[in-house]
Amino acid sequence: MINLTLPDGSKRELADGATPFDLASGISKSLAKAAVIAKVDGEDWDLMRPFEGDAEVAIITRKDEEALEVIRHDTAHILAQAVQDLFPGTQVTIGPAIEDGFYYDFARNEPFSTEDFEAIEKRMAEIVDADLPFQREVWDRNEAIAKFKAMGEQYKAELIEDLPEDETITIYRQGEWMDLCRGPHLPSTGKIGKAFKLMKVAGAYWRGDHRNAQLQRIYGTAWLDEKQLKAHLHRIEEAEKRDHRRLGKQMELFHFQEEAQGQVFWHPAGWTLYRTVENYMRRRLEDNGYVEIKTPQLMDRKFWEASGHWDKYRENMFISSIDEEEKVLAVKPMNCPCHVQVFNQGQKSYRDLPLRMAEFGSCHRYEPSGSLHGLMRVRGFVQDDAHIFCTVDQITEEVTAFCELLKSVYEDFGFEEPRIKFSDRPEQRVGSDEVWDKAEAALVAAAEASGLDYEHNPGDGAFYGPKLDFVVRDAIGREWQTGTIQCDFNLPERLDAVYVGEDADKHRPVMLHRAILGSLERFLGVLIENYAGKLPFWLAPRQIVVATITSDADDYAQEVKDKMAAAGLRVDVDLRNEKINYKVREHSVGKIPVIAVVGRKEAEEGAVALRFLGDGNRTQEVLPLDQAIDQLKAESLAPDLKRA
RNA sequence: GCCGGCUUAGCUCAGCUGGUAGAGCACCUGAUUUGUAAUCAGGGGGUCGGGGGUUCGAGUCCCUCAGCCGGCACCA
């Protein structure tokens, strides 16, 4: 007999050889039906896998989050089987569950095309209908390697060869088909259902290394039921509508063209938005004890050799030379070394520290062509960069203040919860362990004080110091790094930055590299997507359109427009001979926050009818002109000015 | 950079197995003076991404270059 303890503490006794499915069936029919896998002493366990002794058991059901992961993983196996059925000679590699679905990487000379999806999905459905049981088998390592080699599955054989010696090799079968897999799986293919869909094909390197062969990855999505699948597909459609590249065109914010790959042509509306954000940021920095500087765009190659960037990033730097001269200049890919030059002018004392030096630094990097992505990843961009020169003892305070500032800025832009990634010392690094200890502790303390969730990436720090990165998501769930703060013990040394301490000796300052928005371009991309183009009043490039109903109100409309413009509002007037319905629709689609409608009535009364964009309850207000202007003026203040 | 796909009017897209370009919106003109998400009529507009090839004939097929899109890799 085996003794099992359930999560609520109750105990059950079952015969030897019993399985979690037996346990669930003994409790209730519905539990047995909803069961997906079990946790046996914390380990994932197939429902049909017999217990191996007394244990603590939890039954995971379709209601649990983990259920989807299991279903997605199962679906990946079914995809692999279907592909091998239909395309003999294709090798399988790996196929994990991911967010919203799964993928499977195949090795095949012929490319897959989305036109193959229909046939593959059909075959997958047949495998589900066949209700093949998933059977777990433990294999001897060498036998498994030999078996997969004999099957022509080189990649699987390699995977097994690289598994740790003490790892149990498990094989899962479904019908004739088998795969190396850790599990767990559902009892049979029929339990998966058909709420899956193949989404896209893509290339992916074997083991994520570009020196390896490129495999073909098929992505799919899988859900508990048809309704969830439909909802997911709908979400994707909606998300595509808020893509900043699409909105950028619709709202006439910016464009790209091939002669300036990866660089932005900002249009009047987009540039207005850009400047609004930049000016806001400038005020916030000034209020927080930063000084602003501006440094050159082109610097001699020798300078970048001294900073160490030439060696490491030469491939990604734009360079320039003039015929008559032998000098090679490089367009700056970053601002830090330039800031050290400003620091190094004259003498610095400990009394000058911390010195917070900011620049809206225009940088250029020759990013790989495949990585370019709208405003999110460009070759020419402006960082809201700053470097804080301070002592080791000042790190904690400075990082904490930075996190607070960042959080406040993000709230002002409508991002409530940026995610933080903390990366600590890598194997290869400079600086003593003692200093690293201090710096890491300072970053962690600041991250914790901020109250935001943070994720720990061990060993992911820069060679010169640990860092905190701030990450937000775009419309379709892709994550983009925006803010960052990095401790640097290296550059001050390389570029010989010193200050005179209390003891009258020379000391090295620590440099904190930090950016709140990251790059203006990327941040604007994320901002546009976050609001789906419906920017809040203070950010909207076109805030108000004064729209007439009949030409009788033309003169008055012009007067309204002029008064609003004089009050600093961004306002246009629409006197076209069109129906008010037409104008309202056009400017609503154009995401103008406020339409000021004027007809004969308003002209006579000196009023305006304000119509606000959005589906809230506040859709229309008729106000005397002066009062309307006061109100709009107050609303158009940036959040920091509203607080002041 | 790598794998795959795409590139037709200002925008969004249609053009079957090759026979010499089409829609909606936008734009222009005219009529209409209208009260909160599309008034009607007429008109103009494309060397079908660039280059080369096959063919009697190429937007359609082939080669090549570029850009874009989806992933991967990269991201100081």
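A, B, ... follow the sequence lines: proteins, then strands. Residue 1 opens every chain.
Residues that satisfy the salt bridge (Lys or Arg N to Asp or Glu O under 4.0 Å) test with A:Glu604, not counting sequence neighbours, are absent from this structure.
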Tabulated below should be each protein N or O lying under 3.5 Å from an N or O of nucleotides 38-44 of chain B; please produce it.
| from | atom 1 | to | atom 2 | distance (Å) |
| --- | --- | --- | --- | --- |
| B:A38 | N9 | A:Arg585 | NE | 3.4 |
| B:A38 | N7 | A:Arg585 | NE | 3.0 |
| B:A38 | N7 | A:Arg585 | NH1 | 3.3 |
| B:A38 | N7 | A:Arg585 | NH2 | 3.3 |
| B:A38 | N6 | A:Arg585 | NH2 | 2.4 |
| B:A38 | N1 | A:Arg585 | NH2 | 3.3 |

Please write out the pairs of protein N or O atoms and N or O atoms of nucleotides 7-15 of chain B separated by less than 3.5 Å, giving the distance to one decimal.
| from | atom 1 | to | atom 2 | distance (Å) |
| --- | --- | --- | --- | --- |
| B:U12 | OP1 | A:Lys249 | NZ | 3.3 |

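When the C1' atom is compared between B:G4 and B:G22, the two are found 30 Å apart, to the nearest whole Å.
A:Arg314 forms a cation-pi arrangement with A:Trp310, by the criterion of a distance under 6.0 Å to the ring centre and an angle within 45° of the ring axis.
Note on A:Glu99 versus A:Arg473: salt bridge recorded, some NZ/NE/NH1/NH2 to OD/OE distance being below 4.0 Å.
Legend: salt bridge (charged side-chain N to carboxylate O under 4.0 Å, His left out) pairs involving residues 481-494 of chain A, not counting sequence neighbours, sorted by first then second residue: A:Glu493-A:Arg508.
In RNA chain B, runs of at least 3 consecutive Watson-Crick or G-U pairs, each pair with both distances below 3.5 Å, span B:1-7 with B:66-72, B:10-13 with B:22-25, B:27-31 with B:39-43, B:49-53 with B:61-65.
With A:His373 as reference, A:Arg478 is the one residue of A:Glu367, A:Arg522, A:Arg478 to meet the side chain to side chain contact (heavy atoms under 4.5 Å, CB included) rule.
Going from atom CD of A:Gln216 over to atom C1' of B:C3 covers 8 Å, rounded to whole Å.
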Where protein sits on nucleotides 68-76 of chain B, one letter per nucleotide: B base, S sugar-phosphate only, - none, heavy atoms under 4.0 Å: SSBBBBBBB
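With hydrogens and angles ignored, a donor-acceptor pair closer than 3.5 Å exists between the side chain of A:Glu602 and the base of B:G35.
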